[in-house]
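Written out below as structure tokens is the structure these notes cover.
Every heavy atom of this structure was used, including side-chain atoms; hydrogens, water molecules and symmetry mates were not.
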Amino acid sequence: MIAHRGLSGLECENTAAAFVASGNRSYFGIETDVHRTADGKYIIIHDDDTGRICEDKLSVEESSFKVLRTLRLCDRLGRKRADLCLPSLHEYLRICSLYNKNCVLELKKPFEKEDIKNILDIVKAEYNPKRLIFISFDYKNLIYLRELSDDLTLQYLCGCNVDVGLIEKLKRYEFDLDIEHSFLTEQNILKLHENSISVNCWTVDDKHRAEELVGWNADYITTNILEADGK
């Protein structure tokens, strides 16, 4: 079970509070999203702007890291909290390391090769890259990572049908799959496994659907709130 944006069912998504909450529970991994700021730093946030999670709406890529860090976010009840801010990539990695959790790091936008290398260097400095799963909707991001290392675990994100074309696309660079769960069946999970492709799926918050996917041998289940014991 992978905590989606940290334990976002309880705490404000993609914050240290959400990461610590999932660190204190049974999750295998903690998923998050990284963007590049205007001054070339890397910050943790899902959206392209800050409007959904705080009162100020700023474009992430057009704002400096320092300005973005001054923002105070709202908790799940809509209350601004002094302890809630956008984490750095370093802080996310350090929390995962402290709580011995596997990192699942989504590259949110198409990145330049230099940024991909910089992100990988940060991972190597703060964490064990062999325990980290990179995910992205952008196929080229994953190709750049594969060119940098044969040892990385890379998952291609999609909401699409599982067919021969997708399987061949994954096999070309030894990518695994992170797919919207409604596209999965017992048969196509079996087909993916027959091609040595691991299966992650998002975002599963219904207990019965999670149990079905476990019964079909999905390798990872990404969730906002469920734990392995069914809570």
Side-chain angles (χ1 to χ4, degrees), residues 1-6 8 13-14 18-19 22-23 27-37 40-48 60-61 86-97 99-160 166-167 169-181 192 195-203 218-223:
M1 303 296 285
I2 295 170
H4 184 235
R5 308 177 196 171
S8 55
E13 64 180 57
N14 282 335
F19 300 148
S22 48
Y27 295 100
F28 165 82
I30 301 172
E31 186 267 352
T32 197
D33 313 277
V34 63
H35 282 264
R36 184 185 188 277
T37 64
K41 299 183 185 300
Y42 305 101
I43 200 161
I44 300 302
I45 183 173
H46 177 271
D47 297 355
D48 293 342
V60 176
E61 293 189 343
L86 300 179
S88 69
L89 176 57
H90 295 270
E91 289 164 338
Y92 160 72
L93 293 167
R94 290 169 187 170
I95 292 171
C96 289
S97 180
Y99 287 90
N100 195 31
K101 298 297 183 181
N102 292 69
C103 295
V104 182
L105 181 61
E106 180 177 351
L107 305 178
K108 284 304 297 181
K109 304 283 280 187
F111 282 89
E112 299 295 332
K113 288 184 179 180
E114 182 180 357
D115 287 309
I116 297 285
K117 184 180 183 302
N118 290 342
I119 289 170
L120 184 56
D121 286 344
I122 292 170
V123 170
K124 290 177 178 177
E126 299 287 357
Y127 192 76
N128 178 1
K130 292 185 177 180
R131 290 195 61 193
L132 186 143
I133 300 170
F134 282 102
I135 62 177
S136 185
F137 284 99
D138 190 90
Y139 192 70
K140 285 187 178 179
N141 283 342
L142 301 179
I143 292 175
Y144 294 155
L145 282 163
R146 180 59 76 225
E147 289 173 350
L148 291 168
S149 175
D150 292 331
D151 296 331
L152 297 173
T153 300
L154 309 176
Q155 295 180 353
Y156 179 56
L157 273 164
C158 73
C160 58
L166 177 62
I167 289 173
K169 189 173 184 178
L170 297 171
K171 290 172 64 177
R172 190 171 304 136
Y173 292 97
E174 297 183 344
F175 295 161
D176 293 318
L177 180 64
D178 190 354
I179 189 169
E180 202 280 316
H181 73 89
L192 290 159
N195 284 275
S196 301
I197 298 168
S198 294
V199 181
N200 189 359
C201 56
W202 49 275
T203 304
D219 300 282
Y220 310 92
I221 295 174
T222 302
T223 178

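Here the shortest heavy-atom pairing between Asn100 and Arg131 reads OD1-NH1, 2.6 Å. Of all the heavy atoms in Ser149 and Asp151, the pair that sits closest is OG-N, 3.1 Å. Here the closest heavy-atom approach between residue Leu154 and residue Leu142 is recorded as CD1-O, 3.5 Å. In terms of heavy atoms, Tyr42 sits closest to Ile122 at CD1-CD1, 3.7 Å.
Counting heavy atoms from C-beta on, the side chains of Ile133 and Asn200 never come closer than 4.5 Å. Between Lys109 and Asp138 the shortest side-chain heavy-atom distance does not fall below 4.5 Å. Side-chain contact between Cys201 and Ile221 is present, with at least one heavy-atom pair separated by less than 4.5 Å. For the pair Phe28 and Met1, the minimum side-chain heavy-atom distance is 4.5 Å or more. When side chains are defined from C-beta on, Leu89 counts as touching Leu105, because their heavy atoms get closer than 4.5 Å. Within the 4.5 Å cutoff, no side-chain heavy atoms of Tyr220 are placed close to those of Val104. Two residues are said to be in side-chain contact when any heavy atoms from C-beta on lie closer than 4.5 Å; Arg146 and Asp150 meet this criterion. You'll find the side chain of Ile44 reaches within 4.5 Å of the side chain of Val34, heavy atoms only.
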Margin query: Does Cys158 form a side-chain contact (heavy atoms from CB on, under 4.5 Å) with Leu177? I'd like the steps, not just the answer.
Written below: CA-CA 8 Å; Cys158 73; Leu177 180 64; 3.7 Å; yes
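Residues that satisfy the salt bridge (Lys or Arg N to Asp or Glu O under 4.0 Å) test with Lys140, not counting sequence neighbours, are absent from this structure. Every residue was checked against the ring-ring contact (aromatic ring centres under 6.0 Å, His included) condition with Tyr99, not counting sequence neighbours, and none meets it. Every ring-ring contact (aromatic ring centres under 6.0 Å, His included) that Phe19 has, sequence neighbours left out, goes to Tyr92. Partners of Arg36 by side chain to side chain donor-acceptor pair (under 3.5 Å), not counting sequence neighbours, listed by chain and number: Asp115. Shown here are the salt bridge (Lys or Arg N to Asp or Glu O under 4.0 Å) partners of Arg94, two or more places apart in sequence or in another chain: Glu126. Listed by chain and number, the residues in a ring-ring contact (aromatic ring centres under 6.0 Å, His included) with Phe175 are Tyr139, Tyr173 (sequence neighbours excluded).
Counting heavy-atom neighbours within 6.0 Å of Glu180 CD, excluding the residue itself, gives a total above 12. Atom CD of Glu147 sits in a crowded spot, with more than 12 heavy atoms from other residues, nucleotides or ligands closer than 6.0 Å.
Ser136 places a side-chain N or O within donor-acceptor distance of the main-chain N or O of Leu107, the cut-off being under 3.5 Å. Of the possible donor and acceptor atoms, none in the side chain of Asn195 sits under 3.5 Å from a partner among the backbone N and O of Ile197. No donor-acceptor distance shorter than 3.5 angstrom exists from the side chain of Asp176 to the backbone of Gln155, with no hydrogens or angles considered. A donor-acceptor pair under 3.5 Å links the side-chain atoms of Glu31 to the main chain of Arg5, judged by distance alone. Between the Asn141 side chain and the Phe111 main chain, a donor and an acceptor come within less than 3.5 Å of each other. In terms of modelled atom types and a separation under 3.5 Å, the side chain of Ser22 and the main chain of Ala18 share a donor-acceptor contact. Looking only at distances, a side-chain donor or acceptor of His35 sits under 3.5 Å from a matching main-chain atom of Asp47. Between the side chain of Tyr127 and the main chain of Cys103, a donor-acceptor pair closer than 3.5 Å is present. The main-chain N or O of Val199 is found under 3.5 Å from a side-chain atom of Asp219 such that the two form a donor-acceptor pair.
In this structure, CD1 in Ile95 is found 13.0 Å from NZ in Lys101, a value given to the nearest 0.5 Å. Atom NZ of Lys124 and atom CG of Leu132 lie 12.0 Å apart (nearest 0.5 Å). Note: Arg172 CZ to Ile143 CD1 = 8.0 Å, rounded to the nearest 0.5 Å. Here His90 contributes atom NE2 and Lys41 contributes atom NZ; the two are 8.0 Å apart, rounded to the nearest 0.5 Å. If you take CG on Leu157 and CG on Asp178, they are separated by 4.5 Å, rounding to the nearest 0.5 Å. The OG1 atom of Thr37 lies 7.0 Å from the CD1 atom of Ile43; values are rounded to the nearest 0.5 Å.
Paired with Glu106 under the rule side-chain contact (heavy atoms from CB on, under 4.5 Å), one option of Trp202, Phe137, Phe134 passes, and it is Phe137.
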